[in-house]
Amino acid sequence: MRIFLIGFMGSGKTFTGRRLAERLAYPFIDLDDRIERLAGLDIPQIFEQYGESYFRKVERDCLRSTIEHPDVVISCGGGTPCFYDNMIWMNRQGVTIYLDTPVSVLVNRLLPEREHRPVLKGISSAKLSSFIEEKLAERSYFYRQAKMIYSQSDANADVASALQQALEME
Ligand code: S3P
């Protein structure tokens with residue numbers, strides 16, 4: 001089974017994906033890491049030097065390259081489902097899981113990391129919450145096409161364990 005974790009920046013895709021992969025004894029792929037390795041640059045550098053549209057092309061190609069693994073957990077970038085036909089492709093190739101996270105949690109997590117995230121660059125702390133709300137509203141159209149939606153209302157929940165159980169019931 002190929003499992004794609006999707007959701008906004010700061011929703012814990014990498015953290016949860018790593019743990020879910022351990023539980024299932026599957027390999028784990030972090031798509032952003034794969035992109036950085038392929039490009040030989042970190043993500044802010046790719047955006048700066050080549051622009052977002054180039055980044056989105058590399059992201060699409062890296063996503064497609066995960067097909068070599070029949071059993072795998074892949075944590076996507078926040079924008080991955082929203083470009084090209086990536087969401088349709090993921091739904092064809094495996095199980096997509098949306099980590100639906102309250103805006104207040106995203107704001108708290110993203111506030112200190114703003115400068116390392118090209119999509120949030122230049123957004124003041126006062127405007128961060130409304131920016132995230134708007135972006136999430138745009139992106140929800142894609143995120144909500146996921147086969148499973150996990151609402152992260154309880155900050156202490158063991159998400160990986162809950163997802164493993166839900167997957168077993170599929
Ligand atoms: C992006 C999210 C990032 C990374 C890039 C663009 C986005 O991934 O792919 O900075 O458009 O939301 P994370 O969600 O893993 O931070």
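Excluded from the calculations below are hydrogen atoms, water molecules and symmetry mates; all remaining heavy atoms, backbone and side chain alike, are included. Counting starts at 1 for both ligands and their atoms, following the listed order.
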Student: Looking at atom 16 (O) of ligand 1, what's its closest protein heavy atom, distance included?
Tutor: Arg117 NH1, 2.3 Å
Student: Step by step, work out the side-chain hydrogen bond (donor to acceptor under 3.5 Å, both in side chains) result for Arg34 and Ser65.
Tutor: CA-CA 10 Å; Arg34 201 171 249 230; Ser65 74; 2.8 Å; yes
Student: Using a strict cut-off of 4.0 Å, indicate which atoms of ligand 1 neighbour a heavy atom of Ile43.
Tutor: 5 (C), 10 (O)
Student: Is there a donor-acceptor pair under 3.5 Å between the side chain of Lys147 and the backbone N or O of Asn91?
Tutor: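 At least one qualifying donor-acceptor pair exists.
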Student: Using a 4.0 Å heavy-atom cut-off, which part of Glu36 comes near ligand 1: side chain, backbone, both, or neither?
Tutor: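 It is neither; nothing of Glu36 touches ligand 1.
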Student: Does ligand 1 have a heavy atom under 4.0 Å from the side chain of Arg139, from its backbone, from both, or from neither?
Tutor: side chain
Student: Should Gly78 be counted as touching ligand 1, given the test is an N or O pair under 3.5 Å?
Tutor: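 Such a contact does occur with ligand 1.
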Student: Look at the side chain of Asp30 and the backbone N and O of Thr14, then say whether any donor-acceptor pair between them is shorter than 3.5 Å.
Tutor: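 No, because the side chain of Asp30 does not come within donor-acceptor range (under 3.5 Å) of the backbone of Thr14.
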Student: Once you round to the nearest 0.5 Å, how far does CG of Leu20 lie from OH of Tyr26?
Tutor: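 Atom-to-atom, Leu20:CG and Tyr26:OH are 9.0 Å apart.
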Student: Could you list the atoms of ligand 1 found under 4.0 angstrom from a heavy atom of Arg56?
Tutor: 6 (C), 7 (C), 11 (O)
Student: I need the atoms of ligand 1 closer than 4.0 Å to a non-hydrogen atom of Val119, numbered in the order shown.
Tutor: 6 (C), 7 (C), 11 (O)
Student: May I ask you to identify, for Ser75, whether its side chain, its backbone, both or neither come under 4.0 Å of ligand 1 on a heavy-atom basis?
Tutor: neither
Student: With rounding to the nearest 0.5 Å, note down the distance linking OH in Tyr98 to CD in Gln152.
Tutor: 9.5 Å
Student: Please state which protein non-hydrogen atom is closest to atom 3 (C) of ligand 1 and give its distance, to 0.1 Å?
Tutor: Asp32 OD2, 3.7 Å
Student: Please determine whether any non-hydrogen atom of Lys121 lies less than 4.0 Å from an atom of ligand 1.
Tutor: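 It does not, in that no heavy atom of Lys121 comes within the 4.0 Å cut-off of ligand 1.
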Student: Does Arg2 use its side chain to pair, donor to acceptor, with the backbone of His69 at less than 3.5 Å?
Tutor: yes
Student: Is Lys13 reaching over with its side chain to a backbone N or O of Phe8, donor-acceptor style, under 3.5 angstrom?
Tutor: yes
